[in-house]
There are 2 protein chains.
Amino acid sequence: MNIHSIETTAILTDSGNKRVHIIDATIKLISEYGFHGTPISMIAQEAGVGAGTIYRYFKDKDTLVLEIFKQVNGDFKKTLLHEYDADQPIRDRFLHLCRGIFQYGMKNPYEFKFIEQFYNSPYGTTLRRDNIFCNCGDTGQDLPLEQVFAAGQAQQLIKELPLAALIALAIGPIVFLVKDSIAGLIQLDEATVNATLAACWDAVCQMPANK
Amino acid sequence: MNIHSIETTAILTDSGNKRVHIIDATIKLISEYGFHGTPISMIAQEAGVGAGTIYRYFKDKDTLVLEIFKQVNGDFKKTLLHEYDADQPIRDRFLHLCRGIFQYGMKNPYEFKFIEQFYNSPYGTTLRRDNIFCNCGDTGQDLPLEQVFAAGQAQQLIKELPLAALIALAIGPIVFLVKDSIAGLIQLDEATVNATLAACWDAVCQMPANK
DNA sequence: ACAGGCGGAATGAACATTCACTCCATAGAA
DNA sequence: TTCTATGGAGTGAATGTTCATTCCGCCTGT
């Protein structure tokens with residue numbers, strides 16, 4: 001019975017893992033080859049399951065990817081808010097969020113590239129457009145970065161630029177750098193990262209005396 | 001004979017256009033749907049030619065895309081150097097190049113996204129890695145942005161950051177903004193563009209008194 | 001014994017590439 | 001000038017492959 005219960009647990013665990021394996025494999029492969037570039041058969045092999053098994057967990061390939069996106073994107077946003085303190089000064093909040101994006105990308109390269117891929121796909125673009133024009137987004141608010149910028153502009157700390165431009169100045173370099181780092185094109189030490197994040201602040205900051 | 005020569009010219013012209021039509025269609029469709037997302041049949045239809053005709057001009061799909069990339073990427077670099085004056089001050093050169101990238105993207109959205117797609121594909125990543133590790137690139141030097149940064153650092157005008165970080169700070173926001181603009185997510189007026197480019201300078205600039 | 005999860009062969013659709021054919025401008029014969 | 005032969009561009013149906021999805025036995029836990 002002892003052995004038996006262990007076996008049962010192991011099996012249940014493994015059974016529960018099957019879905020996870022499929023998801024992990026999908027994230028990894030799609031982040032590298034894109035949606036149309038990764039066949040179900042490849043996902044099945046990477047996950048160590050039969051192709052048919054995938055359809056026990058997900059209706060079809062589209063659903064698989066969409067569900068994964070929702071989950072990963074949600075986790076990502078949650079991660080960003082970890083230890084985030086809305087009472088800190090603007091600059092600290094800004095750096096905390098930017099660093100969060102960077103660290104998430106470095107720790108979760110597949111998820112990071114997966115999100116990127118999705119946002120740049122026709123589906124992702126449509127989703128973003130809908131979120132902007134009718135603000136009835138299912139996930140609610142967007143990045144708290146918006147709030148930081150709004151508060152910063154009220155204090156005349158942040159440049160008077162459209163929100164989209166500020167976001168581009170803050171996130172653009174980070175995405176760029178993380179992608180190059182993931183691709184193995186560069187190697188970043190912590191000092192460089194800190195200096196680069198500070199430079200992002202310089203970009204959005206109003207005052208010359210910004211340190 | 002008059003009529004005859006006109007006909008001949010027209011035919012030659014149209015024949016010459018066929019290759020161009022194929023290339024244009026490929027850029028447009030791949031920029032939107034990606035390599036694996038655009039079948040040859042779709043390219044043929046968009047180009048107004050038979051599917052077989054494409055293979056009269058290009059060996060296969062890979063070759064088609066690779067040749068287009070070389071051409072488009074070359075045109076892009078050439079465009080950047082248009083009216084570029086290496087004797088101008090560092091900041092002016094920096095802004096000229098950044099503005100060039102931005103304007104190219106706005107004028108050639110399909111080409112811009114096509115280049116992006118390519119660089120983010122496994123093939124493009126490999127190509128960039130090879131270009132970095134053995135500097136025997138076929139196209140020779142990279143963006144003159146590198147030279148601007150090197151010269152700027154010598155004058156203590158530019159932050160002491162690795163080249164990759166500086167490039168990310170300069171180009172990241174522009175790529176980000178152009179993509180959003182192409183997707184119709186934002187509308188940019190010239191004042192905003194100028195202010196954003198100036199902000200990119202703030203990011204890479206050493207001195208607080210940067211204007 | 002049996003219900004249900006599972007793998008992977010089976011299926012039909014979609015794809016990249018090929019090929020046999022059409023069409024037409026030109027060259028040369030009459 | 002007119003007729004005909006020729007070659008090469010252009011086509012799209014045919015081919016073989018790969019894909020997403022389905023289906024059917026097997027195997028395992030109960």
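Numbers restart at 1 for each chain; the letters A, B, ... are given by sequence-line order, proteins then strands.
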Interatomic distance, [X] [atom1] vs [N] [atom2] [rounded to whole Å]:
X	N	atom1	atom2	answer
A:I30	D:dA20	CD1	C1'	13 Å
A:Q45	C:dA9	CD	C1'	16 Å
B:R19	D:dG10	CZ	P	12 Å
A:R56	C:dG8	CZ	P	15 Å
A:Y33	D:dC19	OH	C1'	17 Å
B:N17	D:dG10	CG	P	11 Å

For A:Q45, is the CD atom crowded, meaning more than 12 foreign heavy atoms sit under 6.0 Å from it? no

Can you pull out every side-chain hydrogen bond (donor to acceptor under 3.5 Å, both in side chains) where at least one residue sits in residues 184-196 of chain B? Sequence neighbours excluded, please. B:R99-B:N194, B:D189-B:T192

Which pairs count as side-chain hydrogen bond (donor to acceptor under 3.5 Å, both in side chains) when at least one residue sits in residues 59-68 of chain B, sequence neighbours excluded? B:R19-B:E67, B:D60-B:T63

Are B:K18 and D:dG8 close enough that a side-chain N or O sits under 4.0 Å from OP1 or OP2? no

Between B:Y57 and D:dA9, is there a contact of a side-chain N or O with OP1 or OP2 at under 4.0 Å? no

So, B:E146 side chain and B:I167 main chain: donor-acceptor pair closer than 3.5 Å or not? no

Nucleotide N/O of nucleotides 12-15 of chain D paired with protein N/O under 3.5 Å:
residue	atom	partner	partner atom	Å
D:dG12	N7	B:G52	N	3.4

Under the side-chain contact (heavy atoms from CB on, under 4.5 Å) rule, collect the residues that match up with A:T125, sequence neighbours excluded. A:R129, B:A183

Across all chains, not counting sequence neighbours, the salt bridge (charged side-chain N to carboxylate O under 4.0 Å, His left out) partners of A:D180 are B:R128

Considering residues at least two apart in sequence or located in another chain, which fulfil the salt bridge (charged side-chain N to carboxylate O under 4.0 Å, His left out) criterion with B:K113? none

Which pairs pass ring-ring contact (aromatic ring centres under 6.0 Å, His included) with one or both residues in residues 58-78 of chain B, sequence neighbours excluded? B:F69-B:F118, B:F69-B:Y119, B:F76-B:Y104

Enumerate donor-acceptor pairs with a distance under 3.5 Å from any side-chain N or O in residues 25-36 of chain B to protein atoms, sequence neighbours excluded.
residue	atom	partner	partner atom	Å
B:T26	OG1	B:I22	O	2.7
B:K28	NZ	B:E46	OE2	3.3
B:S31	OG	B:I27	O	3.1
B:S31	OG	B:K28	O	2.7

Where do N or O atoms of nucleotides 12-16 of chain C meet protein N or O atoms at under 3.5 Å, pair by pair?
residue	atom	partner	partner atom	Å
C:dA16	OP1	B:K61	NZ	2.8
C:dA16	OP2	B:I40	N	2.7

